[in-house]
Amino acid sequence: MSSVEYCGLSKSFGTVEVIRKLSLSVAEGEFAVLLGASGCGKTTLLRMTAGLETISEGDLLIGGRRMNDLHPRDRNIAMVFQNYALYPTMKVFDNIAFSLQINKMSPDAVRQRVEDAASILNLTEFLDRYPRELSGGQRQRVAMGRAMVRDAQLFLFDEPLSNLDAKLRAHMRVEIRQLHSRLGTTTIYVTHDQVEAMTMADKIVLMNAGRIEQVGVPDDLFDSPRTRFVADFIGTPSMNFVDGAIERDSGSLYFVAPGLRIPLAEQIAVNAAVTAGLRPTDLMIEDNGPLTGRVRLSEKTGADINLHIESECGAIIATVSRETQVGQGDTLRLGINPKKLHLFDHTRGLSLRNTRVA
Amino acid sequence: MTLSSQGIKRILTGDSALPWLAPLLAMLVVFTIYPLIYNIWLSFHEYAPFRRRLEPVGTDNWQALFSDERFWDSLSVTFTYFGVVLIIQVVLGMAIALLLDSEQKGFGVLRALLTLTLVIPPAITGMMFLLIEDPEFGVLTWLLESLGILDGTQPILATGSTALMGVMLADIWQWTPFMVLIFLAGLRSLPPEPYEAAMLDGASSWQTFRRITLPLMGKVIAVAVLIRGIDLFRIFDYMFVMTSGGPGTSTYTLSLYAWQQTFSFIKWGYGATISLVSLILILVIANLFIWVARVRW
């Protein structure tokens with residue numbers, strides 16, 4: 001169990017820089033999730049941690065020790081790959097036991113450990129099978145077993161659930177979390193799925209184009225996104241964005257957009273170009289709400305209804321309870337809780353914090 | 001009667017595969033099945049030189065085999081040649097393939113160069129090695145004498161104990177690259193993920209080769225061994241060119257012996273019998289091998 005420290009890490013493939021001067025620390029025993037869209041560099045960062053990619057610039061410290069030039073086999077890291085990377089010619093038992101066998105552990109001890117891991121992962125009856133004879137979920141568990149039996153100082157997961165169906169994914173999320181709380185091993189987990197990140201992480205590292213957009217506990221990223229990118233990325237359906245301006249009117253500040261006028265706190269400077277962010281869940285149907293719109297489409301998710309609304313300030317999605325009686329084509333008014341309003345600098349997308357109305 | 005273009009079209013677009021297979025079937029019958037049946041028939045006959053015709057001899061040819069010491073000698077030479085050369089070509093081929101399996105600059109050229117030995121006719125290779133191993137001016141003879149391994153009184157190809165090795169050299173030189181090519185094709189199509197996993201599991205290069213590469217390459221190795229094995233079992237050209245089976249019978253293989261009986265001694269029936277034994281052995285060994293080596297995973 002070790003902490004991980006990235007100090008100004010960069011990675012280039014030829015002239016393409018995929019990671020740019022990235023600094024981050026993951027504390028001992030922490031479950032950190034690298035979250036981001038495809039191509040944001042999260043998997044590259046993970047592979048650099050494992051030693052499967054070289055580091056172009058900067059330092060990687062694991063447990064305080066510089067790892068840049070250490071061969072992967074000497075790093076004592078266990079990794080679960082996206083496609084599981086099981087050894088196709090070995091049975092499940094040997095797949096899990098491989099690292100122990102090559103380290104010359106006694107066969108009895110190996111058997112003991114493998115059987116323990118297998119019973120935790122419900123794999124006991126499959127130990128005598130080849131990977132090709134297993135389902136996706138079972139293979140996934142073998143890959144986890146392979147990581148579990150080792151006394152690795154760090155666990156790396158590279159989108160391990162992306163090949164599983166939704167139900168199994170939810171189940172494996174819980175298993176991985178339980179595994180982490182049982183072993184307490186520092187874990188770095190890569191995913192593009194924000195639900196995975198939100199439900200599993202002690203700390204989310206949201207990446208974009210080779211840089212870190214924001215680091216924080218899941219609630220932080222959801223409640224106080226530091227950039228428009230973060231606000232847009234976290235939350236389903238995505239946050240609604242409305243371009244407008246901040247105006248002063250008889251001593252009070254207002255966010256003003258076509259057909260919309262919301263009172264703000266004093267602290268903020270008057271700004272001609274801002275973007276307001278409204279989460280669909282923070283909009284409610286109110287007879288005297290400030291925003292008028294017409295329902296274009298109503299989407300039932302089971303628990304809620306997502307209303308796609310054509311309003312004066314553009315297309316907006318509002319999530320309302322399933323009991324709401326609203327149909328396609330209906331006109332309605334939406335209320336906005338000013339406390340839940342997020343404001344971003346229009347050009348750079350940075351959050352204009354402290355804008356909440358007191 | 002000429003076939004109308006309509007008729008041809010109907011035959012070629014019909015459901016039957018026969019029109020398409022017919023040319024190949026004809027070749028197979030003329031060049032493989034008929035000679036095989038004729039060969040079997042021949043093994044129960046023998047050419048009578050004075051009466052100038054083939055006469056039935058029953059199972060005489062087959063019985064003669066068992067008491068023919070030269071047959072057993074040639075069988076033993078064939079098996080020795082087959083075993084030694086095959087093992088060396090597999091091991092050496094794999095070693096070279098592993099060395100050449102690299103993305104670095106220049107390795108593509110090296111891999112292409114490998115095919116060069118394969119385009120030389122084996123008879124020419126035999127001539128080349130005849131010169132290389134010549135007792136007077138052969139470069140190998142000179143090298144081995146300089147190293148004190150040979151003392152100058154034993155020409156490689158004219159000494160009973162070294163002649164077979166001398167012939168093997170030509171085969172190994174010419175056909176190891178074939179193994180390398182097959183192994184390289186296999187190595188380069190292996191998935192990278194198990195290797196990354198093995199690295200993180202802490203496996204050394206040797207452990208990775210033994211536990212990952214070798215099992216993954218099982219089928220490829222089996223195919224290469226099968227192709228080369230069959231070739232080696234019916235080896236003829238190098239001996240024919242380099243030693244004519246000598247000195248004594250030390251390089252007489254089954255094929256060479258069958259050839260000698262048939263064409264030098266005009267014992268067509270007996271020659272046919274020996275070549276049939278060779279065929280039966282190849283069939284048995286190859287099928288045993290396929291059965292045993294079926295890689296299961």
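The sequence lines fix the lettering, A, B, ..., with proteins before strands; numbering per chain opens at 1.
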Identify the heavy atoms of [X] and [Y] that sit nearest to each other, and give their distance.
{"X": "A197(B)", "Y": "A85(A)", "answer": "CB-O, 3.7 Å"}
{"X": "P215(B)", "Y": "T89(A)", "answer": "CB-OG1, 3.3 Å"}
{"X": "L216(B)", "Y": "P88(A)", "answer": "CD2-CG, 3.4 Å"}

Within a reach of under 6.0 Å around [atom1] of [X], are more than 12 heavy atoms found that belong to other residues, nucleotides or ligands?
{"X": "R210(B)", "atom1": "CZ", "result": "no"}
{"X": "R65(A)", "atom1": "CZ", "result": "no"}
{"X": "F31(B)", "atom1": "CZ", "result": "no"}

Within a strict 4.5 Å, meaning less than it, do heavy atoms of the E193(B) and L86(A) side chains meet? no
I'd like to check Q101(A) versus R211(B) (side-chain heavy atoms, cut-off strictly below 4.5 Å). Are they in contact?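 In contact.
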Donor-acceptor contact present, side-chain Y87(A) to main-chain A198(B), <3.5 Å: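 Present.
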Hey, mind stepping through L200(B) and F81(A) against side-chain contact (heavy atoms from CB on, under 4.5 Å) and telling me if it holds? CA-CA 11 Å; L200(B) 287 167; F81(A) 292 80; 3.9 Å; yes
Using non-hydrogen atoms and a 4.5 Å limit, figure out which bit of R75(A) sits close to chain B: side chain, backbone, both or neither.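 Contact with chain B is absent: no heavy atom of R75(A) under 4.5 Å.
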Is chain B contacted by the side chain of A78(A), its backbone, both, or neither, given a heavy-atom distance below 4.5 Å?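 Neither part; nothing is under 4.5 Å.
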Going from CD1 on I212(B) to CZ on F98(A), what distance comes out if it is rounded to the nearest 0.5 angstrom? 4.5 Å
Nearest 0.5 angstrom please: M199(B) CE to D74(A) CG, how far? 11.5 Å
Given the rule in the salt bridge (charged side-chain N to carboxylate O under 4.0 Å, His left out) test, do R73(A) and D201(B) qualify, once you have shown the distances and angles that lead to the verdict? CA-CA 6 Å; R73(A) 83 168 73 95; D201(B) 268 347; over 6 Å; no
